[in-house]
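Just so it is clear: chains get the letters A, B, ... in the order the sequence lines come, proteins before strands, and each one is counted from 1. The analysis underlying the following values was restricted to heavy atoms, covering all of them including side chains, and did not include hydrogens, waters or symmetry mates.
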There are 2 protein chains.
Amino acid sequence: MTTEPAFIDLLRTIATDPAARGLDDDAAVLTIGKQALVLTKDMLVEGIHFLPDDPPADIAWKLVAVNASDLAAKGATPLACLTGHSLSRDAGWDAAFAEGLKTALDHHGLALIGGDTVSVPAGQARVLSLTAIGLPSVPVPPSRAGVLAGDGLFVTGTIGDGWAGLSLLQAGKTEPASLVTAYRRPQARLADGPLLAQVTRAMMDVSDGLLIDAARMARASGLAVRIDLAQVPLSPDFVATIGSDQAATLAAATGGDDYQLLFAADAEAHLPIPAARIGGFAEGQGLTLSWNGMPVETPEKLGWQHG
Amino acid sequence: MTTEPAFIDLLRTIATDPAARGLDDDAAVLTIGKQALVLTKDMLVEGIHFLPDDPPADIAWKLVAVNASDLAAKGATPLACLTGHSLSRDAGWDAAFAEGLKTALDHHGLALIGGDTVSVPAGQARVLSLTAIGLPSVPVPPSRAGVLAGDGLFVTGTIGDGWAGLSLLQAGKTEPASLVTAYRRPQARLADGPLLAQVTRAMMDVSDGLLIDAARMARASGLAVRIDLAQVPLSPDFVATIGSDQAATLAAATGGDDYQLLFAADAEAHLPIPAARIGGFAEGQGLTLSWNGMPVETPEKLGWQHG
C-alpha cells in the first residue's frame with residue numbers, strides 16, 4: 001500500500017518546475033509570458049470524500065467548491081475549469097449531477113471549457129475530478145511558506161461544522177441543518193481570498209484538518225507553530241450539538257472539510273475581513289497546543305491523510 | 001445507464017463559453033489577455049483503457065501520450081500538466097508508475113506542476129487522469145469544424161496498429177512487438193501537429209476510431225465525408241498479422257487507439273509532412289465508404305464510445 005505522502009514524495013522528484021511550488025501548496029502558479037495563472041486539481045471519490053447517498057447536486061457543489069477554495073487560498077479569482085466524470089449506472093444520477101454542476105459553476109464564476117467522460121467497470125465507486133484555473137490578485141500568490149517568526153496564525157469563519165455534519169449524517173441525523181449544509185455545500189471564501197492575499201505572509205485552505213494544515217504551513221516555512229485551542233472559532237450549532245470543551249474543539253480542529261482560509265500575517269496587521277487569531281509562529285519546528293494557555297498534548301492524528 | 005454522448009449533451013448546455021468550443025473538440029482554447037492556451041484532460045480507467053497487467057510505466061506513458069496527442073491535434077506544443085492519481089494497494093506499482101511518468105513527461109516536454117492523489121475503496125479499478133496545457137502555434141488552433149466542400153481528408157502514419165496490439169495481448173500474444181508497442185506506447189505527433197496546423201482547415205487525433213472520428217469532423221463542419229478504405233495506410237506488421245483486405249482494413253479503421261492526426265486540407269495543398277489522402281468532403285451529411293471506388297456498406301459501429 002502506498003500512502004499519499006509517499007507517492008507525493010515520488011512525484012516531487014519529477015515536479016521540479018518552479019510552477020509546481022514543490023507540490024507543497026494548494027495550487028500551482030504558472031507564468032506564461034507576463035500572465036500568471038493559478039491551477040488546481042482535486043478529485044472526489046465515492047465512499048472516501050462523499051457518501052453514496054449524498055444528493056448528486058451536493059456532490060457537484062462540493063467538487064466545484066473544494067477546487068474554488070484552493071484558488072481562493074492563493075488569492076485567485078476563479079476563471080475556467082475542466083471536468084473528469086465517471087459515468088453512472090443511473091442516468092438520473094448523472095442528470096441531477098449535471099444540473100447541480102451548472103448551479104455550482106455559476107455560483108463560483110467558473111466557465112466549463114472541457115474535460116473527459118469515461119465509463120468504469122460495474123460496481124465501481126464514482127471518481128470525479130475538476131481542474132480549475134484562476135487569475136491571481138497579487139503578483140506572487142501566497143504559498144504555505146514565507147511565514148516569519150512572530151507572525152500570528154489566523155483563520156476565517158468557524159471550524160468543525162463540516163466534520164460535525166458528516167458525523168450527524170453517519171448517525172442517520174439531518175439536524176442541525178447548518179452543519180449538514182456545511183458538509184454538503186461548503187462555502188469557498190471566494191471574495192476573502194483575494195482581499196487577504198494583500199496582507200498575508202502565507203495562506204492555505206483548511207481541507208484535511210486545522211491542526212495538520214497548520215503544521216504543514218509551519219513545516220513549509222521552517223518554523224514552529226502554537227495554537228490555543230480555546231481560540232478556535234466554533235459555530236453556535238456546533239457548540240449546541242458537539243460542545244465547546246477541549247475534546248469537542250480538538251475534534252473540530254482535526255476533522256477537516258472546513259474550507260476556511262488559514263493564514264499567517266504580522267500579528268499587528270490590519271486585516272481586511274474578520275478572522276480569529278488562534279496562535280502564532282516561532283523559531284523551531286513542530287506543533288504545540290494549549291487550552292487557554294495550559295499545555296495540551298498533541299494528538300497522534302492531526303487530520304485526514306489518504307492511504 | 002448514461003451514455004457518453006448523452007452526458008456530454010448535458011454538459012454542453014453548461015459549457016457556453018467560447019473556450020469550450022461546444023465540447024466538440026479535442027481540447028479547449030482559452031484566451032487570457034493576449035495569451036492563448038490549449039487545455040485538455042483525458043482519463044484512463046483500468047479494465048477500460050488499459051489492461052490490469054499492462055506494465056505501469058506503459059500506462060503512465062499512455063496517460064501522457066493521449067493528452068499530448070490532443071495538444072498536437074490543435075497544433076499546440078506541450079507545456080505543463082496536473083495529474084490525478086488513485087493510490088494502489090501495491091506500492092511497487094505506484095513507484096513503477098511514477099518512474100514511467102517521469103520518462104513520459106520528459107519525452108513529451110510536459111512539466112508536472114500539480115494534481116491530486118486519492119485513496120479509493122478496496123478492489124476499485126485504478127482511475128488515472130491528466131490535465132495538459134499547451135501553447136498554440138497559430139492564432140486560431142484548428143478545430144473539427146471549418147472544413148470546406150471539396151477538401152481532402154488526410155491521415156498521418158498508419159492506422160490499426162494500436163487495436164491490433166490490444167487484440168494480440170488479449171489473445172495472450174506479444175508479437176509482433178511493433179503492434180504491442182503501438183498499443184502500449186502510442187507516439188503522439190508532437191512535431192507534426194504544429195507544422196500541419198499551418199495548412200489544415202480542421203484537425204483532430206484518431207483516438208476512438210478513424211471512421212467515427214472522421215464522421216465527427218464532417219458533422220462539426222456540416223458536410224458529408226467519404227473514405228476509400230483501400231487508401232487507409234496500414235503498417236507492414238499489421239498487414240502480415242491481420243491482413244490488408246477490406247475486413248482487416250475496416251477493423252483498423254474502427255479499432256481506435258491510433259493517435260495519428262486526421263485533418264482536412266485543400267486537396268491541392270502542399271503538406272509539410274507526408275500523409276495519406278484517404279477521402280474527401282462534399283455538401284451533405286453522413287459517412288460514405290468505398291473500396292477502390294466500389295461502395296462499401298457503413299458498419300453499425302464506427303468506433304469506441306463509452307457507456
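Looking at B/Lys74, its side chain never comes within 3.5 Å of a backbone N or O of B/Ala76 through a donor-acceptor pair. A side-chain donor-acceptor contact under 3.5 Å links B/His108 to the backbone of B/Ala104.
Here the CG-CG distance, from A/Leu211 to A/Leu302, works out to 5.5 Å after rounding to the nearest 0.5 Å. Atom CG of residue A/Asp208 and atom CG of residue A/Asp257 lie 9.0 Å apart, to the nearest 0.5 angstrom. Atom CD of residue A/Glu4 and atom CG of residue B/Leu87 lie 7.0 Å apart, to the nearest 0.5 angstrom. In this structure, CH2 in A/Trp163 is found 13.5 Å from OH in A/Tyr183, a value given to the nearest 0.5 Å.
Among A/Pro121, A/Gly114, A/Gly123, the residue making the largest number of heavy-atom pairs under 4.5 Å with chain B is A/Pro121. Here A/Gly84 is the residue among A/Ala95, A/Ala27, A/Gly84, A/Gly47 with the most heavy-atom pairs under 4.5 Å with chain B. With respect to chain B, the highest number of heavy-atom pairs below 4.5 Å among A/Ile14, A/Thr83, A/Leu101 belongs to A/Ile14. Of the listed residues (B/Ser129, B/Ala19, B/Ala111, B/Ala125), the one with the most heavy-atom contacts under 4.5 Å to chain A is B/Ala125. Counting heavy-atom pairs closer than 4.5 Å to chain B, the top-ranked of the candidates A/Pro18, A/Gly22, A/Ala28 is A/Ala28. Interface remark: of the candidates A/Gly33, A/Ala98, A/Ser86, A/Ala98 forms the most heavy-atom pairs closer than 4.5 Å to chain B. The most heavy-atom pairs under 4.5 Å with chain B, out of A/Gln35, A/Gln124, A/Lys102, A/Lys34, come from A/Gln124. For the set B/Asp17, B/Val29, B/Asp42, B/Ile113, the count of heavy-atom pairs under 4.5 angstrom toward chain A peaks at B/Ile113.
Both the backbone and the side chain of A/Leu39 have a heavy atom closer than 4.5 Å to some heavy atom of chain B. Contacts between B/Val45 and chain A at a heavy-atom distance below 4.5 Å involve the side chain alone, from C-beta outward. When heavy atoms are compared at a cutoff of 4.5 Å, A/Leu37 approaches chain B solely by way of its side chain, counted from C-beta outward. Contact annotation for B/Ile32: both backbone and side-chain heavy atoms come within less than 4.5 Å of a heavy atom of chain A. For a residue to count as touching a neighbouring chain, one of its non-hydrogen atoms must lie under 4.5 Å from one of that chain's; by this rule A/Leu23 touches chain B with the side chain only. Contact of B/Leu44 with chain A is not made at all, since no heavy-atom distance falls under 4.5 Å. Heavy atoms closer than 4.5 Å to chain A are found in both the backbone and the side chain of B/Leu11. Neither the backbone nor the side chain of B/Glu99 comes within contact range of chain A; no heavy atom of the residue lies under 4.5 Å from a heavy atom of that chain. In this structure, no portion of A/Ala6 lies under 4.5 Å from any heavy atom of chain B. Contacts of B/Leu130 with chain A are made by backbone atoms alone, with heavy-atom separations under 4.5 Å and no side-chain atom involved. Proximity to chain A (any heavy atom under 4.5 Å) is shown, for B/Leu82, by both the backbone and the side chain. For B/Ala80, the part sitting under 4.5 Å from any heavy atom of chain A is the side chain, from C-beta outward, and nothing else.
In summary, A/Arg144 and A/Asp24 do not engage in a salt bridge, as defined by a charged side-chain N under 4.0 Å from a carboxylate O. Electrostatic pairing of A/Asp205 and A/Arg189 does not count as a salt bridge here, judged by no charged N lying under 4.0 Å from a carboxylate O.
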Review point. Passes side-chain contact (heavy atoms from CB on, under 4.5 Å), B/Met204 versus B/Phe263? Steps please.
Key: CA-CA 6 Å; B/Met204 62 193 294; B/Phe263 61 95; over 6 Å; no
Exercise for review: Show your working on side-chain contact (heavy atoms from CB on, under 4.5 Å) between A/Ile212 and A/Thr254 and close with a plain yes or no.
Suggested key: CA-CA 7 Å; A/Ile212 198 169; A/Thr254 54; over 6 Å; no
Review point. Would A/Leu190 and A/Thr77 count as a side-chain contact (heavy atoms from CB on, under 4.5 Å) if you check the C-alpha gap in whole Å, the side-chain angles of each, and the deciding distance to 0.1 Å?
Key: CA-CA 7 Å; A/Leu190 297 180; A/Thr77 303; over 6 Å; no
Check your understanding: Which is it for B/Asp54 and B/Leu169 under the side-chain contact (heavy atoms from CB on, under 4.5 Å) test, yes or no, and what are the steps along the way?
Key -> CA-CA 9 Å; B/Asp54 279 343; B/Leu169 288 169; 4.2 Å; yes
